[in-house]
There are 2 protein chains.
Amino acid sequence: MIITSDKNELIKKIKKLNNKKDRYESGLFFVEGRNNVNEVLKSKFSIRYIIISENYNNNIDFDLNRIIKVPDNLFKKISDTVTPQNIMAIVRIPRYELNTIIDKNNVYIIADEVQNPGNLGTIIRTADAFKVRAVFTINNSVDIYNPKVIRSAMGSIFHIPVVNIDDIDELMNRLKKSCIKIYSTDLKADQYIFDFKISNNVAFIFGNEAKGVNPMLNGYIDGKFKIPMTGNAESLNVSITASICLYESQRQRLIK
Amino acid sequence: MIITSDKNELIKKIKKLNNKKDRYESGLFFVEGRNNVNEVLKSKFSIRYIIISENYNNNIDFDLNRIIKVPDNLFKKISDTVTPQNIMAIVRIPRYELNTIIDKNNVYIIADEVQNPGNLGTIIRTADAFKVRAVFTINNSVDIYNPKVIRSAMGSIFHIPVVNIDDIDELMNRLKKSCIKIYSTDLKADQYIFDFKISNNVAFIFGNEAKGVNPMLNGYIDGKFKIPMTGNAESLNVSITASICLYESQRQRLIK
């Protein structure tokens, strides 16, 4: 299908997917770039349309009726990036069932009001690298399907479940029922991270960039540890903190 | 001093500091926000001017003749951020002597063509947290004094030396003379990072976001290791890789 006008209803709908509200109303989000589109094609995610600009020349293994070709200038208008990669996929927002995700012998991440999309995306990418079972977002974190989150996650959003949770109590109770210990980092904690057994059956909570972990979560937390910092910086970026916890967990699994 | 016109020569000069070329011609860069300006004031860096917008009301311990007050709309024009914090400092680019920085019993970072300013800034912030002695940039890395680097470094640029190096051979030879081992990460390395003794006397090279470490550096490298990844993500963000190396180095120092 070829569309040339930005007044086309479908194009107008796609352009709106930059807004969170429109994403959830339509149940759709978009990903850009060849690598990302290949990742969706390999995944169980359901693709509604693939949009290509007129000078995209590679083969795509997808239903031809739902490949939409648009002029370059129109592609630029719907793209979220400054230098568009000439291909994007319009994808259905998946639904996950908590009882199929939460189980023993796994590591989880809970992002508590993480607001910078680059940080959340990097956490998802790192979680995927260290085989985390799922990433949960709670308390007004940036939307998982924000284009900048998708971009920094580098395809990992299609490898592991990333799920926004409204009922925090239900999430925490399910984790506890599966014998998953819930830990957070705290600059003022007494013990270092490597003094904790975190090789498996753990969920790490990482908090907001400015405020840290929400005090309302304290009742769920089994332990707090600190990352040893001996220099002058007061704190670490939240995605850095997450990566160090995941590395330490991985290290403990491997040296067992 | 009060300046109200954006045609003022000083204001025109300050606006130009967004460009690398102009920064090095004038020998100046700028930092924004109260925390950053406080960090410069506490440091040995030399401040040329402090610019405040008319509704900035806090005390500043600085030569009154070099505090410049400008109207809000003019401050917005010279600021690099969308929501300016109403204070910025114009700072001299420092000069460092390699022989005062490179010594035994230290950890170093070499950023090799790291191009994303957020990545370099985060590496500097993390290096500061783990007491790295200095960060060197080589091979066309993003400029240290790029406003976005300064912003992600969160003041750490004023705590540890961050130095761009043109003569790579000199840098490497000085490191080797001080018995500093030079390591890099490699996805295809045989050994894991925790099998290397990296508690001290090490320099870590981190490469370009897409290409990795420049092969021209192979001759200087004493060893390559990998970070254990068991999931689906193909690689880690460069600032994440750096933080894991620095954490592992710190962990080895502390458990000794």
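Numbers restart at 1 for each chain; the letters A, B, ... are given by sequence-line order, proteins then strands. All figures in this text were calculated on a predicted structure; none of them were measured in a lab.
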Enclosure of K226(B) NZ (heavy-atom neighbours >12, cutoff 6.0 Å): yes

Taking side chain as everything from C-beta outward and backbone as N, CA, C, O, which of these in T241(B) sits under 4.5 Å from a heavy atom of chain A? Side chain, backbone, both or neither. neither

Which atom pairs, donor and acceptor, lie under 3.5 Å between side-chain atoms of residues 182-194 of chain B and protein residues at least two apart or in another chain?
unit_1: D186(B); atom_1: OD1; unit_2: K188(B); atom_2: N; d: 2.9

Pairwise distance CD(E248(A)) to CZ(R251(B)) - rounded to 0.5 angstrom: 6.0 Å

The interface call for T122(B) against chain A, heavy-atom contacts under 4.5 Å, is side chain

Considering residues, nucleotides and ligands other than N35(A), do more than 12 of their heavy atoms fall under 6.0 Å from its CG? no

Are a donor atom and an acceptor atom from the side chains of T230(B) and R253(A) found within less than 3.5 Å of each other? no

Kindly check if the number of other-residue, nucleotide or ligand heavy atoms within 6.0 Å of CG (D61(B)) is above 12? no

Counting only heavy atoms not in K148(A), do more than 12 fall under 6.0 Å of its NZ? no

When you measure from the side chain of N232(A) to the backbone N and O of H159(B), does any donor-acceptor pair fall under 3.5 Å? no

Is any residue of residues 100-119 of chain A within less than 4.5 Å of chain B by heavy atoms, and which ones? none

Ignoring hydrogens and angles, tell me if any N or O in the side chain of R125(B) forms a donor-acceptor pair with the backbone of A233(A) under 3.5 Å. no

Between atom OG of S239(A) and atom CG of N237(B), what is the distance when rounded to the nearest 0.5 Å? 7.0 Å

Count the heavy-atom pairs under 4.5 Å between each of S243(A), S152(A), A129(A) and chain B, then report the option with the highest count. A129(A)

As an exercise, state the distance from CG of L236(A) to CZ of F130(B), rounded to the nearest 0.5 Å. 5.5 Å

Pick from Q250(B), M229(B), M154(B), E39(B): which one has the most heavy-atom pairs with chain A under 4.5 Å? Q250(B)

Atom group of L254(A) that falls short of 4.5 Å from chain B, counting heavy atoms: side chain

Chain B shares the most heavy-atom pairs under 4.5 Å, among L246(A), I227(A), I240(A), with I240(A)

Contacting moiety of I255(B), where chain A heavy atoms sit under 4.5 Å: side chain

